[in-house]
There are 2 protein chains.
Amino acid sequence: MKNKLKVLRAEHNLTQEQLAKAVEVSRQTINAIEKQKFDPSLVLAIKLARLFKTEIEEIFIYKG
Amino acid sequence: MKNKLKVLRAEHNLTQEQLAKAVEVSRQTINAIEKQKFDPSLVLAIKLARLFKTEIEEIFIYKG
DNA sequence: TGACAATGTCAAGTTTATTTTACATTTTTT
DNA sequence: AAAAAATGTAAAATAAACTTGACATTGTCA
């Protein structure tokens, strides 16, 4: 799965730390997701989509 | 997190087994999600939304 | 240049999602 | 009512998500 987290975060002028706090995970979790180490949980994906006022699948692209 | 999986599955006339195969997980995984034992992974949530031609958040309701 | 903020990364540990196997209960069909 | 199908559930194992702590690299800026 690909994702546009880094771009969205940049557009919103947030550091990994700030984003992490906003969605209640660790900074390393944000970093790992941006670096495609793993995918977020459903809850985290929802929180991110809400924060960026967009759809989950606009952020996380899964080619099934 | 709440979900409408059981209802959607009923509307689509699918058994847990059939749904499980369609989204490539075990029957127990479908059962556990319906029974709210845990939430699906993001990939599984996407597969389910696609199968039912709806949005993830129409199926999985998270009150943040 | 030197400090400081931000990012990348690693290891070890915890929690959660998922699998397999197996069996009991409930629902549907004959 | 008996057989078969569907559902519920549980234990044990594995994988994936996430944590904390620590440290190295990179970027920014006074």
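Letters A, B, ... mirror the listed sequences (proteins, then strands); counts begin at 1. Treat the numbers as computed from the prediction; the structure is a model and nothing was measured.
Applying the 4.0 Å criterion to OP1 and OP2 of C:dT16, one finds that A:Ser41 has every side-chain N and O outside that range. An OP1 or OP2 oxygen of C:dG8 is reached within less than 4.0 angstrom by a side-chain nitrogen or oxygen of A:Lys6.
Remark: C1' of C:dT9 and CZ of A:Phe38 are 12 Å apart, rounded to the nearest angstrom. One atom, CD of B:Gln16, and another, P of C:dT26, lie 15 Å apart when rounded to the nearest Å. Atom NZ in B:Lys47 sits roughly 14 Å away from atom C1' in C:dA17 (whole-Å rounding). As a whole-Å value, the separation of A:Lys21 NZ from C:dA6 C1' is 13 Å. Note: CG (B:Asn31) to P (C:dC23) measures 18 Å, nearest angstrom. If you take CD of B:Gln28 and C1' of C:dA17, they are 13 Å apart, rounded to a whole angstrom. Atom CD1 of B:Ile33 and atom C1' of C:dT19 are 13 Å apart (whole Å). In this structure, B:Ile30 places its CD1 atom 16 Å from C1' of C:dT20, rounding to the nearest Å.
Nucleotides of DNA chain D lying under 4.0 Å from heavy atoms of chain A occupy a range whose first and last members, 5' to 3', are D:dA17 to D:dA22.
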Audit row: B:Leu48, B:Ile56, side-chain contact (heavy atoms from CB on, under 4.5 Å) steps and yes/no: CA-CA 8 Å; B:Leu48 289 166; B:Ile56 291 176; over 6 Å; no
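Here B:Arg50 pairs with A:Glu57 in a salt bridge; the nearest charged N to carboxylate O distance falls below 4.0 Å.
The base of C:dT18 lies outside donor-acceptor range of the side chain of B:Glu24, with no N or O pair under 3.5 Å.
Residues B:Ala22 and B:Leu51 come closest through the heavy atom pair CB-CD2, 4.0 Å.
Between B:Arg27 and B:Leu44, the one whose closest nucleotide on DNA chain C sits nearer the 5' end is B:Leu44.
Cluster membership check: B:Leu8 shares its hydrophobic cluster with B:Phe38, using side-chain heavy-atom separations under 4.5 Å among Ile, Leu, Val, Met, Phe, Trp and Tyr. Linking ILVMFWY residues whenever their side-chain heavy atoms come closer than 4.5 Å, directly or via other members, places B:Met1 and B:Leu5 in the same cluster.
Counting only heavy atoms from C-beta on, B:Thr29 has its side chain closest to C:dT19 among C:dT9, C:dT19, C:dA17. Minimum atom distance to the side chain of A:Thr15 is reached by C:dT7, of the listed C:dT9, C:dT7, C:dT18.
Just one of B:Lys4, B:Gln16, B:Lys6 meets the side-chain hydrogen bond (donor to acceptor under 3.5 Å, both in side chains) condition when paired with B:Glu34; it is B:Gln16.
Every residue was checked against the side-chain hydrogen bond (donor to acceptor under 3.5 Å, both in side chains) condition with B:Asp39, not counting sequence neighbours, and none meets it.
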